[in-house]
Amino acid sequence: MSNIMQTGRLMPASYKTLATILETLPGALFVVDDAATIIYANINAQAITGATQEELLGKSLWRGAPQLVSTTLYQAMHKTKQSREPIEVEYLSPMTRTWLHVQLTPTLEGVLLHFHEKRESTRSWETFSPEHHLAADILENMYISAGFLTPEGILLEINEASLADAQIRREEVIGLPFAETIWWTPYPASQQQLRAAIARAGRGETVRFETTVHPRKGMDLHLEVTITPHRDADYNVEYLVYVGADVTARKQAEDKIRDLIDAIPQMVWIAGPDGFATYQNQRVIEALSMTHEQAEGNGWLAAIHPDDQQRMWEAWQRSLRTGENLEMEHRVRDSSSGVYRWHLIRSVPRRNVQGEIVDWVGTCTDIDKQKQVEQQLKESREGLRMLAETLPQLVWTTYPDGQHEYTNQRWKDYTGFIDEQIQRDRWAYLQFIHPDDQERHQARWLYALNTGELFEDEVRIKNSQTGEYRWFLTRAVPVRDEAGRIVKWFGTSTDIDEQKRMEEALRQLEQRKDDFINMASHELRTPLTTLKMQTQLVRKRLEKQAQHEAAAALSRVEGPIKQLERLIGELLDISKIQVGRLEYLWEPVNLNLLLREIAETMRQTHPGYTILVRGTAPASLVGDRDRLGQVFTNLLHNAIKYSLNTTTIEIDLSASDEAVTVRVQDHGLGIPHELHSKIFERCYRAFNSSQRTISGLGMGLYIVNEIVKGHGGSITVDSEIGKGSTFTVTIPRRRDS
Ligand code: ADP
């Protein structure tokens, strides 16, 4: 140690000799100048670094001999230069993982360093900052980038994790300005950030910044970098500790959330505890057409409708003061159209564990559409209410369970009920329904409520003022939502009292008429039968007495008697039909025979007419022979009666598996189209001038139709004025019942 000390004082003449000695010394020997540039390296020094003398000379020790570099060495160099005293230190080389023992001796212009490799640490030597080693060990094993830099930013140590990221060896970077290393060179902006940070840290500041580095192809790391200056005993910056925490995942998550928040149609913002906006998503910027800077603070207020600004501002201030959630509606100007649209603003404070407000998170949702719909709904509801109030009916709505929701004024006036009374009990209103109607009404209403079917009932409702019951037609329809669920019932009660009374009166008239016809036909039939029998008896006697002239005169009376008999028969039939007592005697009927018999009888009574019967039907059909005979006799009678200038009547008979069809065709007057259905009504006659002279009561077709229906069949007419009529009767061959 002491002989090395003397080297500094040797004369230049003996330099060569000295150099030889130095070469033979065990261990690696370096001489560096004040800037740590190697000015001498012995054979062992060349061996330990694997470089030639030429390669080493002129290079910085940090760069030329990375195998030896450590922060401890750097510190020792620093100390030696300052104290001008020799120092010995021992440390573990970060690169070779071997223990090195080094003696540092100040020279005139620099330092002489003498290294010895050792198997393990010998505690007898003083080492610099044992905490430093501990820290270095920890850093080595942590997945964060960490290293030590000279105050100028030369990389002294770097941990394994950083090297692994960049897939390089330690010696490739040790001794280089950190900003010039592979992590930083690809991104000049990051490089710039680092340089600035090193400069500030070199002046004693702890610097933090976030940046992106690119250690290797395909890998970007987002780092949260901290550079901390380490000071010596004199408070000078000795070296810098660099730590880069990988926050890529957090950054990506943040970016994703930010993108997401930017993409949502709501405006989202964050404000500090003082209410000053610190963040706005893209939507805010678009909607307000302001830059982030303009919108910050309370710049956003400018976009609020002037009428809402004061209210908005006060509510916001109140929230800030009380820490309560803010929720209010206000109008915001849409920057593209200049139109104000309604928005719902919500703001909620976020608190830390101590319960202090950290920030306010706010959203602003466009509810203009909703507002409009609400308004329309309000208007339409108002409209409906007005309509309901002006309607002459009693109008009411109920909930799906039948509980009254609304009744119009007319309803209240009529029943004398007030809202509270009917809303208390859904059956309360039964009080003013006629006792005879209550049970049925309640059952029907319950049925409608349960099935959702239309409700309809005629009830007597008591007028609260007169105490009188009046008939009402009560109807209710279910109102359904989009999903088809019943949301309410809409009901009306229409006063049909007048109508009811008229109907009743009419019914009683009609009843009397029916009674009269019934009575009259019975009253007429008895004397007529006597008359008919007596006439026949007298005629037969006269014939026996050969008083032929008198007998012929009497036989002429028989025609009108028969006609009268038929008319009275029809009257009787009608009254039977009225009470549903037209009875049938079912038996097999041979229509072929029946029709030909009827035709033959007609030919005899109406000799001037040609009555043709064509076609055949299957042997038999089940029906009432007399009644069917009545049907076709009647049709033939009409055909003859309404053929004034023509004399041919055709009857066509045909059959299918199911039914027999009979057509009775004349070429007479015809019936106007619009009356085709009317002529089957009771006592209906299609009057026209030519017909007025033809007698009749309009009962025939009514009875015919009834009989055909009684046989499960049908009758239709096809007719044209002046061309004649065809009546078609279809009767099923089998009776269903
Ligand atoms: P009535 O013959 O006694 O008037 P119906 O009930 O038999 O009563 O007939 C009803 C009406 O139908 C007749 O008044 C007549 O106007 C019309 N009508 C019925 N049959 C014929 C027919 N064959 N040709 C023209 N009109 C007919």
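Each ligand, and each atom within it, is numbered from 1 in the order the structure gives. Keep in mind that this is a model prediction, so the values were computed, not measured.
The closest non-hydrogen atom to atom 12 (O) of ligand 1, taken over Leu635, Ile679, Ile703, Leu697, comes from Ile679.
The ligand atoms of ligand 1 that sit less than 4.0 angstrom from a heavy atom of Gly698 are 1 (P), 3 (O), 4 (O), 6 (O), 8 (O). Taking every non-hydrogen atom of Met699 and a distance limit under 4.0 Å, the qualifying atoms of ligand 1 come out as 6 (O), 8 (O). Counting atoms of ligand 1 from 1 in the listed order, those under 4.0 Å from a heavy atom of Ile671 are 25 (C), 26 (N), 27 (C).
Between Lys562 and Glu565, no side-chain nitrogen of the basic residue sits less than 4.0 Å from a carboxylate oxygen of the acidic one, so the salt-bridge criterion is not met. Using a 4.0 Å cut-off between charged side-chain N and carboxylate O, Arg581 and Glu706 make no salt bridge. Between Asp419 and Lys412 there is a salt bridge, with a side-chain nitrogen of the basic residue lying less than 4.0 Å from a carboxylate oxygen of the acidic one. Ion pairing between a basic and an acidic side chain is recognised when a charged N comes within 4.0 Å of a carboxylate O; Asp652 and Arg614 show such pairing. The pair Glu543-Arg539 meets the salt-bridge criterion, since a charged nitrogen lies less than 4.0 angstrom from a carboxylate oxygen.
Contacts between Val704 and ligand 1, counted as non-hydrogen atom pairs separated by less than 4.0 Å, are absent for every part of the residue.
Looking at heavy atoms from C-beta onward, Thr397 lies in side-chain contact with Glu405 at the 4.5 angstrom threshold.
Under a 4.0 Å heavy-atom criterion, Lys641 is in contact with ligand 1. Using a 4.0 Å heavy-atom cutoff, Gly668 is absent from the residues neighbouring ligand 1. For the ligand labelled ligand 1, residue Leu669 lies outside the 4.0 Å heavy-atom shell. At least one heavy atom of Tyr684 sits under 4.0 Å from some atom of ligand 1.
For the side-chain hydrogen bond (donor to acceptor under 3.5 Å, both in side chains) with Glu458, the lone residue among Arg475, Lys500, Arg440 that qualifies is Lys500. Evaluated for a ring pair (Phe, Tyr, Trp, His ring centres under 6.0 Å) with His404, the options Trp427, Tyr399, Phe417, Tyr429 yield exactly one hit, Tyr429.
Close N/O approach between Asn638 and ligand 1 is found [any backbone or side-chain N/O within under 3.5 Å]. Looking at Tyr702 next to ligand 1, no N or O pair under 3.5 Å apart turns up. Annotation: Gly696 places no N or O atom under 3.5 Å from an N or O atom of ligand 1; distance criterion only. Here's the thing with Tyr642: one of its N/O atoms is less than 3.5 angstrom from an N/O atom of ligand 1. Residue contacts with ligand 1: Gly700 is placed with a nitrogen or oxygen under 3.5 Å of a nitrogen or oxygen of the ligand (distance criterion only).
Counting non-hydrogen atoms of neighbouring residues, nucleotides and ligands closer than 6.0 angstrom, the CZ atom of Arg596 exceeds 12 such neighbours.
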